[in-house]
2 protein chains.
Amino acid sequence: MRTHQLVLHWIENELSAGRLAVGGRLPAERSLAEQLKVSRTSVREAIRVLEAMGVVRAGVGSGPEAGTVVISDPATALGSALRLHVATRHLPVADIVETRVLLESWAAAKAVPDAPVLDEAAALVEAMAAENLPVNDFLALDVRFHLALADAAGNAVVSAMMGSLRESIQGYAADLTANLPDWEATSCRLRTEHRDILAAIRAGEGGTAARLVASHIEGFYQEAGLAPDR
Amino acid sequence: MRTHQLVLHWIENELSAGRLAVGGRLPAERSLAEQLKVSRTSVREAIRVLEAMGVVRAGVGSGPEAGTVVISDPATALGSALRLHVATRHLPVADIVETRVLLESWAAAKAVPDAPVLDEAAALVEAMAAENLPVNDFLALDVRFHLALADAAGNAVVSAMMGSLRESIQGYAADLTANLPDWEATSCRLRTEHRDILAAIRAGEGGTAARLVASHIEGFYQEAGLAPDR
DNA sequence: CGTCCTCCTGTGGTCTAACCACACTCTAAA
DNA sequence: TTTAGAGTGTGGTTAGACCACAGGAGGACG
């Protein structure tokens, strides 16, 4: 077993045992190295891994924002991993779209109609109606809208998975908009569909919302044409 | 921007540009450090992160197995991340079960009846019928069976996500079996259900298979009782 | 007495230089 | 021809040093 993995296991044990919890702080790198009888380098490698997984956040200086503290941010963690794997071309974009449809239509069907995140989703819909909104800003708001819908179902794992798809989604969406014949018309249609989806969820018509979401996502993907590779 | 992130971005660019591909090798750590004008320490931190994400594999010595080569193993990558987040108690087990039902019933409905992985699934079912099989071995085979079903749908992202749930599933399953009144009876029932699921998929009855999978997973979870915490 | 400024301390971030274990490859001896 | 050994290049690990940063403790000053 490599040294940094020893550190990783130690930290995982502390988490499982409850001696470390979200909001808590890891011992300082130098203390931890001394305590585990390893070099500071190995401790740092382990912390880098945990940071990449969204389990800790490292901050310099002193005070409440400093030091290495335990957080819980599964989405961005899985996100960068997925983005890299898409870069290796071993995760086809079509599969990502299919997974989106699966997760989001389920979330739409299960969403509780009075979830607070739906207010946020509504605000995003309005923001997307702004005049002269750059395409990339529109897409960023669009992704946030869909993430809000996923959150409304109240399943942390599904939310994390949707969040992990975020960067990949925005990447392929930006590529696809270049193929659209008429962005104005498309964006207008997308806005209308967003409103319909939101209305269906608020009305408690989960089945309708799920169908609308599925056709919304697939419609955009097919209108822009399937990307040749990537 | 921190130094090791510079290295990460460089590698990600090489991947996106196609100059690095799965099976290819990264430059040696010392060369890369010199080339990017950073220390070997920073290069190593970046490589540790990529390793944790399942993007590269590092091997000592020389020859074809040595050096840092690009791989694509999204499942184990996301797996350890999820396991750690479950350890922080920010991902409830109930949500994992719910996500399993979602992913697996979709996969069962979409599985192609003559997928080669189904042969593997059938072999796993037979292996689970062995006499005096320890509980943990049974559970390990069970997880592999379910992963094979997920693979049969042919969606790499869904497969990766199911794979990432693997460790968490095995963890909670092992906890839950302790609550079962009669393991022999339960395992016998599980085996029968496995056979029924497989038969439905092979017969092309996706809808039936999806329903069977959902009740199979939820039945076990409810029979063993909901875990108090964790 | 209150305010401001400076120094001190502890944190993560980075770098250098050295050594180790490993696995292959080449060379020279048997 | 075979085989034992040295050589080479890989990642793995360590020690020690220095940096930038942010807060806290204390004194200097109004």
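These figures come from a predicted structure and were not determined experimentally. Below, chains carry the letters A, B, ... as their sequence lines are ordered, and counting in each starts from 1.
In terms of polar N and O atoms assigned as donor or acceptor, the side chain of A/R30 comes within less than 3.5 Å of the base of C/dG12 in a complementary pairing. With hydrogens and angles ignored, no donor-acceptor pair under 3.5 angstrom links the side chain of A/R40 to the base of D/dG16. The base of C/dG12 lies outside donor-acceptor range of the side chain of A/R48, with no N or O pair under 3.5 Å.
Atom pair A/I47:CD1 and C/dT11:C1' shows a separation of 11 Å (rounding to whole Å applied). Distance, B/E45 CD to C/dG13 P: 8 Å, rounded to whole Å. Distance CG (A/L32) to C1' (D/dT14): 16 Å, rounded to an integer number of Å.
The ring of B/H4 has its center no closer than 6.0 angstrom to the ring center of B/H9.
Applying the ring-ring contact (aromatic ring centres under 6.0 Å, His included) criterion to B/F220, with sequence neighbours excluded, gives no partner residue.
Between C/dG13 and A/R44, a contact under 4.0 Å exists linking OP1 or OP2 to a side-chain N or O. For B/T68 and D/dT10, the shortest distance from a side-chain N or O to OP1 or OP2 is not below 4.0 Å.
Set against D/dT14, C/dC22, C/dC15, the side chain of A/V38 has D/dT14 as its closest nucleotide. Residue A/E29 has its side chain nearest to C/dG12 when only D/dG12, C/dT14, C/dG12 are considered. Considering only the side chain of B/V60, D/dT10 comes nearest among C/dC15, D/dT10, C/dG12. Taking only side-chain atoms of A/S62, from C-beta outward, the nucleotide of C/dC15, D/dA22, C/dG13 with the closest atom is D/dA22.
Not a single donor-acceptor pair under 3.5 Å links the side chain of B/R144 to the backbone N or O of B/E120.
Heavy-atom nearest nucleotides on DNA chain C were determined for A/T41 and for A/A66, and the one closer to the 5' end corresponds to A/A66.
Atom CD of B/E34 has 12 or fewer heavy atoms from other residues, nucleotides or ligands within 6.0 Å.
If you check every strand for non-hydrogen atoms under 4.0 Å, B/S42 touches sugar and phosphate atoms only. As judged by a 4.0 angstrom heavy-atom cut-off over every strand, A/A28 is placed among residues touching the sugar-phosphate backbone only. Across all strands, A/T3 comes closer than 4.0 Å only to sugar-phosphate atoms, never to a base (heavy-atom distances).
Rounded to the nearest 0.5 angstrom, B/R83 CZ and A/S16 OG are separated by 8.5 Å.
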